[in-house]
Undergrad: 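Handing you this structure, nothing more for now.
Everything numeric here is computed off the predicted structure, so don't read it as measured data. Within every chain, numbering begins at 1; the chains are lettered A, B, ... in the order of the sequence lines, protein sequences first and strands thereafter.
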Amino acid sequence: MIHISLPDGSKLEVAPGASLLEVAGAIGPGLAKAAVCALVDGTLRDLREQVNKDATVTFFTRGSQEALSVLRHTTTHIMAQAVKRLFPQAQLGIGPAIEDGFYYDFGVDQPFTPEQLALIEEEMRKIIASAYPIERLEVSKAEAEKILREHNEQLKLELLADLDDEAITMFKQGEFIDLCRGPHFANTGEVKKDAFKLLSVAGAYWRGDESRPMLQRIYGTAWESKKDLAAHLEKLEQIEARDHRKLIKQLDLVSFHEEAGAGLAYWHPKGGRMRVIIEDYWRKLHYQGGYDIVFTPHIGRAQLWETSGHLDFYRDGMYAPMNIDGQDYYIKPMNCPFHIMIYKSRTRSYRDLPLRWAELGTVYRYERSGTLHGLLRVRGFTQDDAHIFCTPDQVEDEILRVLDFSLNLLRGFGFEEFKIELSVRDPNKPGKYAGEDAMWAQAEASLVKALDTRELPYERMEGEAVFYGPKIDIKIKDALNRTWQCTTIQFDFNLPGRFDMTYIGEDGAEHRPYMIHRALLGSLERFFGILVEHYAGAFPVWLAPVQAMVIPISDRHNDYARRVADTMKAADLRAEIDTSSSRMNAKIRNAQMQKIPYMLVVGDKEMNAGSVAVRLRSGEDLGAMSLDDLMAMMKRKVEEKALL
RNA sequence: GCCAGCGUAGCUCAAUUGGCAGAGCAAUUGAUUUGUAAUCAAUAGGUUGCCAGUUCGAUUCUGGCCGCUGGCUCCA
C-alpha cells in the first residue's frame, strides 16, 4: 500500500497504481464527482493518472482556478478539433490555457477570417454536443511519432523530438488526437456550449522565434457558466471604454500625428495642465525627500556613449547619430551618463554622500513600430529619473528610503495596491554579470532587508536581474485590477567603474561609490496613460485640468458667472465658464462628458444671493452654496486628493 | 521589424459590384434666454492617408510608402 497525504493533514492508504479518480473516490463519492484535476507533489495531474508512490495530493473541484485552467485547456482542444475538421491541412502548434482564456497556434496557408471564427465556434458546439469521451493515452516516443506521422503533424513532431522518452501522453477525443501533457476533462460535453467565445486571430511565430514561420493564433475565452462569460465580456468592454487612446482624444489631452512621426506625443493645454500638476507635486516631494534636481542636455558625444557601454549594448535602441563639427552626437536614450558628468565635475568626499539627483529627463528610444501603443509605449518620453551615489554602508538606508518614497508618491496618485518583484542573479550563470560577488551579495541583502523591514510581500525572480545589478520593480494595480510596472530601483555595478567614479574616503584614499538608478512613475507619458485608464478620465479634483465649469442659465447671468470664475481662478482653482448659446441642460451635458468634477449653475437666485448651485460629476446635486463655502470645500478636496 | 486587418469632414460612422462622396455630433451664423445629461434653423466643411500604376474615368483594382489596431518579438 502507498500513503497519500491530504491538505487537511490526514493520510490515506491506497493500492499502488490506483488512479487519482479512485483516490478521490476513496475520500468521498462527492469529491470524485466534483474533482477536475489534482496537484500531486506540486505538479498538476489528470485524474486518470496513477499514483505509484507516497505522495501529497490536493484535489481541485469545479470553480477553482486550476479547474478553470483545465476547462480552458480542454476548450482549446475542442477548438483544435473543430479547426482540423474545417481545415484538414492546418498544422497543430501549441494550445495552452492562459489568463482568462486560451489560444491555439495553427500552421495554415491562409489566415483565418472573423467569419471563419464563427464557423469554428459552430463546429465546437457540435463537438461539445457529441460529448466525446476524452481518452488519455500513455505512449512510447516511437508510438507517438508513428501516430503524429499518420496525422502529418509536422510541428508536433518537432515538439515530440524535444521530449524525454518517459511520460509521453496523448489525448484523444473522437477522431482528434493531440500530443499533450494534460490535464483535461473526461468528456467534451463537460464544456458549456454557451460559456466560451473565440475572440481574435493574430500572427505568432512558431515557438516565439522570429526566424521561424508565422502561425495563426486564435484567442478565445472560456468560463464555468454563461454568466461568468458575460461578466468577462463586460469587463473587456469596460477596458475598452477606459482605453486612454480614446479618452485622451475625447478629453482633448494628448494627440499623435502621422505627419510628425509615430510614437511622439503632443500634450494639449489640458493635458499640459495635468502634466504641470504632476510635475509640481513630484518636484515638491523630491525636494522634501532629500533629492536635488538637475537638468542635462538632450544629446551627447559618441565618446560618452562608448564609455557608458550604450553603443555596445543598447545601440539598437538609439537613434542614428548627427554629425556636428566632425563629431558624432547621439540623442540620449537614458540620463545616467549625464548625471555622472555632474558627479565627476569635482572631487567628491565621503562627506558629500549620499548624493540624490533627480531629473525629469526626456529621452528618445527606437521602439519597433509594431510595439508602439498610445501613451503606454512611445519613442520619446520623459523619465522621472534619479541617481543615488552613496558609500557601501549607506546602501541599506538609501534603498529603504527609495522604497518608502516611491510607495508614498504612488499612493498620492490613488494607487493603493502594489506587486513587488525582486530580480536577482541567475546563480547558474555567474559569468554574465558585471561587478564583484560581494557587491551583488550586499546589494541583494539590502534590497531584501528593505522589503522585510516594511513587511512588504514580494516575488523573487531568479535570473531576472539586469547584468549590471539586482533590482526591485514595483507594479501598481489599477481600478480594474490590472497591473502596470512603474517603479524600478536598480543597482549599477557597471557605470561607476566605466566612468572611473570615485570619492575620497575617511582614510584619504579613493573609493568607488555605489550607484542606484531609480524611476518611480517610469515615464510621464506612460504613467499619464495609466492614470487616464485608472480613473476612466474622471480625475480626482487635484488633477482635473478643469475643476469647475460655471454654467450661467441665461446671458444676463454671464457677468456674474464670470466674476465667480475669476474669483476662483484668483484662488488657484481651475474654473471655466460656458457662455455658449446652449441651454443649461446642454451645458451640463457638455461639462459632464468632459468629466469636470464640479458644475456651478448660476441663475437669478444665485446672482441675488451671491451663491452657486453645485452639481457634482456623479450627478449629485449639492444645492446652493456660498462661493466662499464652495471654494473652501474644493480646497479641502484638493488637499485631501479626493476624487470629488 | 514580422503576420493580419484598417485608414472617407474636427469626431463617430454610411456609400460607391470602377461613373458628380453622405448622415449625426462638433464648428460658423441667425433666432431662442431657457433651472440640473442634447432648443430650432441655415451655412460651411473632403485631392476619400501619401506616391505611383492600370483605365475613357480610381475613393473603389494593383504596387510602394506612412500611420493606426490585434498579436508575435524586444525591453539597459
Undergrad: Check whether any side-chain N or O of A:Y366 sits under 4.0 Å from OP1 or OP2 of B:G1, and answer yes or no.
TA: yes
Undergrad: Using atom P of each nucleotide, how far apart are B:U60 and B:U54 to the nearest Å?
TA: 15 Å
Undergrad: Under 30°, 30 to 60°, or over 60°: which ring-plane class applies to A:H77 and A:H73, parallel, tilted or perpendicular?
TA: perpendicular
Undergrad: Could you give me the stems involving RNA chain B, meaning stretches of three or more consecutive Watson-Crick or G-U wobble pairs whose two defining distances are both below 3.5 Å?
TA: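 Expected stems, ordered by start: B:1-7 with B:66-72, B:10-13 with B:22-25, B:27-31 with B:39-43, B:49-53 with B:61-65.
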Undergrad: Quote, to the nearest angstrom, the P distance that separates B:A14 from B:G1.
TA: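 The answer is 29 Å between these two P atoms.
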Undergrad: Given the C1' atoms of B:U69 and B:G49, what is the spacing between them in whole Å?
TA: 15 Å
Undergrad: Would you say A:S369 reaches B:G1's phosphate, i.e. side-chain N/O to OP1/OP2 under 4.0 Å?
TA: yes
Undergrad: Distances for protein N/O vs nucleotides 7-9 of chain B N/O pairs under 3.5 angstrom?
TA:
residue: B:G7; atom: N2; partner: A:E258; partner atom: OE2; Å: 3.4

Undergrad: Can you work out whether A:K471 or A:R368 has the more 5'-proximal nearest nucleotide on RNA chain B?
TA: A:R368
Undergrad: Does B:C72 have its OP1 or OP2 closer than 4.0 Å to a side-chain nitrogen or oxygen of A:Y219?
TA: yes
Undergrad: For residues 236-264 of chain A, pull every pair meeting ring-ring contact (aromatic ring centres under 6.0 Å, His included), keeping only residues two or more places apart or in separate chains.
TA: A:H257-A:Y266
Undergrad: Base, backbone or nothing for each nucleotide of nucleotides 34-44 of chain B, written B, S, -, heavy atoms under 4.0 angstrom, 5' to 3'?
TA: BBBBBB-----
Undergrad: Quick check against the 3.5 Å criterion: does A:S406 have a side-chain atom that pairs as donor or acceptor with the backbone of A:L403?
TA: no
Undergrad: With C1' as the reference atom in both, quote the distance from B:U33 to B:U47 in angstrom, rounded to an integer.
TA: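 Looking at atom C1' only, B:U33 and B:U47 are 44 Å apart.
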Undergrad: To the nearest Å, give me how far apart CG (A:L375) and C1' (B:C68) are.
TA: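 The distance from CG of A:L375 to C1' of B:C68 comes to 14 Å, rounded to the nearest Å.
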Undergrad: Would you indicate whether A:R498, at its atom CZ, is surrounded by more than 12 heavy atoms from other residues, nucleotides or ligands within a distance under 6.0 Å?
TA: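 Buried by this count: over 12 neighbours within 6.0 Å.
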Undergrad: Can you list, by residue number, the residues of residues 233-253 of chain A that have a non-hydrogen atom closer than 4.0 angstrom to RNA chain B?
TA: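 Within this stretch, A:R245, A:K249 sit under 4.0 Å of the strand.
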Undergrad: Rounded to whole angstroms, how far apart are CG on A:L372 and P on B:C2?
TA: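 Atom CG in A:L372 sits about 14 Å away from atom P in B:C2.
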Undergrad: Measuring only the P atom in each nucleotide, how far is B:U8 from B:C61? A whole number of Å is fine.
TA: 15 Å
Undergrad: Taking A:D384's backbone N and O only, do any of them form a donor-acceptor pair with A:R518's side chain (distance below 3.5 Å, no angle check)?
TA: yes
Undergrad: Using atom CZ of A:R212 as one end and atom C1' of B:C2 as the other, report the distance to the nearest whole Å.
TA: 16 Å
Undergrad: Please identify each residue that fulfils side-chain hydrogen bond (donor to acceptor under 3.5 Å, both in side chains) with A:R379, with sequence neighbours left out.
TA: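 Listed in chain order: nothing, the list is empty.
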Undergrad: Using the test side chain to side chain contact (heavy atoms under 4.5 Å, CB included), find all partners of A:M593 that sit at least two apart in sequence or belong to another chain.
TA: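 Result, side chain to side chain contact (heavy atoms under 4.5 Å, CB included) vs A:M593: A:R589, A:N590.
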Undergrad: Are there over 12 heavy-atom neighbours, none belonging to A:Y364, within less than 6.0 Å of that residue's OH?
TA: no
Undergrad: Measure from the ring center of A:F491 to the ring center of A:F493 and say whether it is less than 6.0 Å.
TA: yes
Undergrad: Expressed as a whole number of Å, how far does the C1' atom of B:G70 sit from that of B:G10?
TA: 27 Å
Undergrad: Taking the side chain from A:K475 and the backbone from A:W484, do they hold a donor-acceptor pair closer than 3.5 Å?
TA: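 Here the side-chain-to-backbone pair does not exist.
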Undergrad: Within the structure shown, what part of the strands sits under 4.0 Å from A:Y314 by heavy-atom distance: base, sugar-phosphate, or nothing?
TA: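 Touches sugar-phosphate only.
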Undergrad: Tell whether A:Y205 reaches the base of B:G71 with its side chain through a donor-acceptor pair below 3.5 angstrom.
TA: no
Undergrad: Suppose we call a contact any N or O donor and acceptor under 3.5 Å apart; does that hold for the side chain of A:R377 and the base of B:C75?
TA: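 By the distance-only test, yes, there is a pair.
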Undergrad: Identify, between A:W206 and A:N590, the residue whose nearest nucleotide on RNA chain B lies closer to the 5' end.
TA: A:N590
Undergrad: Side chains of A:T221 and A:W223 only: does a donor on one sit below 3.5 Å from an acceptor on the other?
TA: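 Note: A:T221 and A:W223 side chains meet the donor-acceptor criterion.
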Undergrad: Do any N or O atoms from the side chain of A:K471 and from the backbone of A:T488 form a donor-acceptor pair under 3.5 angstrom?
TA: no
Undergrad: Just the rounded figure in Å: distance from P of B:A26 to CD of A:Q594.
TA: 13 Å
Undergrad: Between A:I98 (CD1) and B:C72 (C1'), how many Å, whole number?
TA: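 Between C1' of B:C72 and CD1 of A:I98: 13 Å.
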Undergrad: Looking only at atom C1', what distance separates B:A9 and B:G5, rounded to whole Å?
TA: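 These two C1' atoms come out 24 Å apart once rounded.
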Undergrad: What residues, two or more places apart in sequence or in another chain, satisfy side-chain hydrogen bond (donor to acceptor under 3.5 Å, both in side chains) together with A:E306?
TA: none
Undergrad: Quick one: A:R217 CZ to B:C2 C1', roughly how many Å, whole number?
TA: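 The answer, rounded to whole Å, is 14 Å.
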Undergrad: Can you tell me how far P of B:A4 sits from CZ of A:F112, to the nearest Å?
TA: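 So the two atoms are 14 Å apart, to the nearest Å.
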Undergrad: Checking A:W206 side chain against A:L215 main chain: does a donor-acceptor pair fall under 3.5 Å?
TA: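 Here the side-chain-to-backbone pair does not exist.
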Undergrad: Please list residues of residues 518-526 of chain A whose heavy atoms come under 4.0 Å from any atom in RNA chain B, ordered by number; otherwise none.
TA: none
Undergrad: To the nearest angstrom, how far is A:L376 atom CG from B:C68 atom C1'?
TA: 15 Å
Undergrad: Compute whether any side-chain donor of one residue and acceptor of the other, for A:H268 and A:S255, lie under 3.5 angstrom apart.
TA: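 On atom types as modelled, these side chains qualify, holding a pair under 3.5 Å.
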Undergrad: Which residues pass the side chain to side chain contact (heavy atoms under 4.5 Å, CB included) test with A:Q89, sequence neighbours left out?
TA: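 Scan of A:Q89 (side chain to side chain contact (heavy atoms under 4.5 Å, CB included), adjacent residues dropped) gives none.
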Undergrad: Taking salt bridge (charged side-chain N to carboxylate O under 4.0 Å, His left out) as the cut-off, I'd like each qualifying pair that reaches into residues 208-222 of chain A, sequence neighbours left out, listed once.
TA: A:D105-A:R217, A:E158-A:R212, A:D209-A:R212, A:E210-A:R368
Undergrad: What integer number of Å spans the P atoms of B:G7 and B:A44?
TA: 28 Å
Undergrad: Keeping to residues at least two apart or across chains, list the side chain to side chain donor-acceptor pair (under 3.5 Å) pairs with something in residues 602-616 of chain A.
TA: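 The answer is A:R556-A:D604, A:H557-A:D604, A:Q592-A:R615.
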